[in-house]
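This is a predicted model, so every value here is computed, not measured. Just so you know, residue 1 is the first one in the sequence shown, and it goes up from there. Computed from heavy atoms alone, side chains included, the values below leave out hydrogens, waters and symmetry copies.
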Amino acid sequence: MLAIRMDTIAAAQPLLDRQENLAIWHAAYEGSEESILHANPLFCETFGFSLAEILERKRYSLVNPPDTPPKVIEQYKAEDREAIDRGYFLQRGPFETGKDILVLKIRFDRGILGMFKIINADLPGPAKQPRDLDADFHRVIKALRPDLLD
């Protein structure tokens with residue numbers, strides 16, 4: 001049986017949309033300007049927009065809450081650039097009491113594929129490499145960038 005190549009966002013969308021525990025988006029870059037080209041249902045639900053609204057807004061500054069400081073938006077773009085340059089960006093940080101946010105961004109199809117999930121702060125960590133992550137992340141990484149699991 002031939003493996004289906006998932007090296008474009010169009011080919012990967014069905015897989016990404018089935019992920020129930022990961023909020024996922026894809027942002028392409030032209031120069032310093034990002035354009036969100038896809039978001040899965042959990043991402044849309046998390047930000048309170050339909051996919052059509054996210055694609056219309058397309059910029060981080062328009063999809064994130066209006067009170068998101070410009071320096072935070074610039075931080076997101078810097079993380080994206082690191083993912084493009086290095087192949088991935090991985091970070092775990094506090095989210096709310098007893099919860100952390102785990103963010104992975106990987107170089108993929110003209111930009112980055114970003115994923116995040118909220119986890120119990122008591123779980124062991126921090127993850128330093130994509131291979132340190134759980135099965136939810138591995139499912140996507142294995143299909144799109146298996147080289148990151150080596």
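In this structure, the side chain of Asp132 engages the main chain of Gln129 through a donor-acceptor pair within 3.5 Å. Proximity of a side-chain donor or acceptor of His26 to a complementary backbone N or O of Gln13 within less than 3.5 Å is not detected. In terms of modelled atom types and a separation under 3.5 Å, the side chain of Asp80 and the main chain of Ile112 share no donor-acceptor contact. Between the side chain of Arg107 and the backbone N or O of Ile84 there is at least one donor-acceptor pair closer than 3.5 Å. With hydrogens and angles ignored, the 3.5 Å screen pairs no side-chain donor or acceptor of Asp100 with any backbone N or O of Arg92. Without hydrogens or angle criteria, Glu82 side chain to Ala78 main chain gives no donor-acceptor distance under 3.5 Å.
Remark: Glu53 pairs with Ser50 by the side-chain hydrogen bond (donor to acceptor under 3.5 Å, both in side chains) rule, at least two apart or across chains.
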Quiz: residues 63-72 side-chain donor-acceptor pairs under 3.5 angstrom, not counting sequence neighbours:
| residue | atom | partner | partner atom | Å |
| --- | --- | --- | --- | --- |
| Asn64 | ND2 | Tyr60 | O | 2.9 |
| Thr68 | OG1 | Pro65 | O | 2.7 |

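To the nearest 0.5 Å, the span separating CZ on Phe49 from CD1 on Ile36 amounts to 10.0 Å. Separation of atoms CZ (Phe116) and CG (Asn21) is listed at 12.5 Å; rounding is to 0.5 Å. In this structure, CD1 in Ile9 is found 8.0 Å from CG in Leu144, a value given to the nearest 0.5 Å. The line from CD1 of Ile54 to CG of Leu62 is 11.5 Å long, rounded to the nearest 0.5 Å. To the nearest 0.5 Å, atoms CD1 (Ile24) and CG (Leu104) are separated by 10.0 Å. Annotation: the span from Asp109 atom CG to Leu37 atom CG amounts to 8.0 Å, rounded to 0.5 Å.
Of all heavy-atom pairs between Thr46 and Ala23, the closest is OG1-CB, 4.4 Å. A pairwise comparison of heavy atoms in Ala83 and Lys105 identifies CB-O, 3.6 Å as the closest pair. The shortest heavy-atom contact between Ile141 and Pro130 is CD1-CB, 3.9 Å.
By the 6.0 Å contact criterion, CD on Glu33 is enclosed, its count of non-hydrogen atoms from other residues, nucleotides or ligands being greater than 12. Within 6.0 Å of CD on Glu20 lie no more than 12 heavy atoms contributed by other residues, nucleotides or ligands. Heavy atoms from other residues, nucleotides or ligands lying under 6.0 Å from NZ of Lys77 number more than 12.
For residues 137-150, every residue pair satisfying the salt bridge (Lys or Arg N to Asp or Glu O under 4.0 Å) rule, not counting sequence neighbours, is listed here: Asp136-Arg139, Arg145-Asp147.
Relative ring orientation between Phe43 and Trp25 is described as tilted, the plane-to-plane angle lying within the 30° to 60° band.
Tyr29 and Ile106 fall into different hydrophobic clusters, where Ile, Leu, Val, Met, Phe, Trp and Tyr residues are linked whenever their side-chain heavy atoms come under 4.5 Å apart, directly or through other members.
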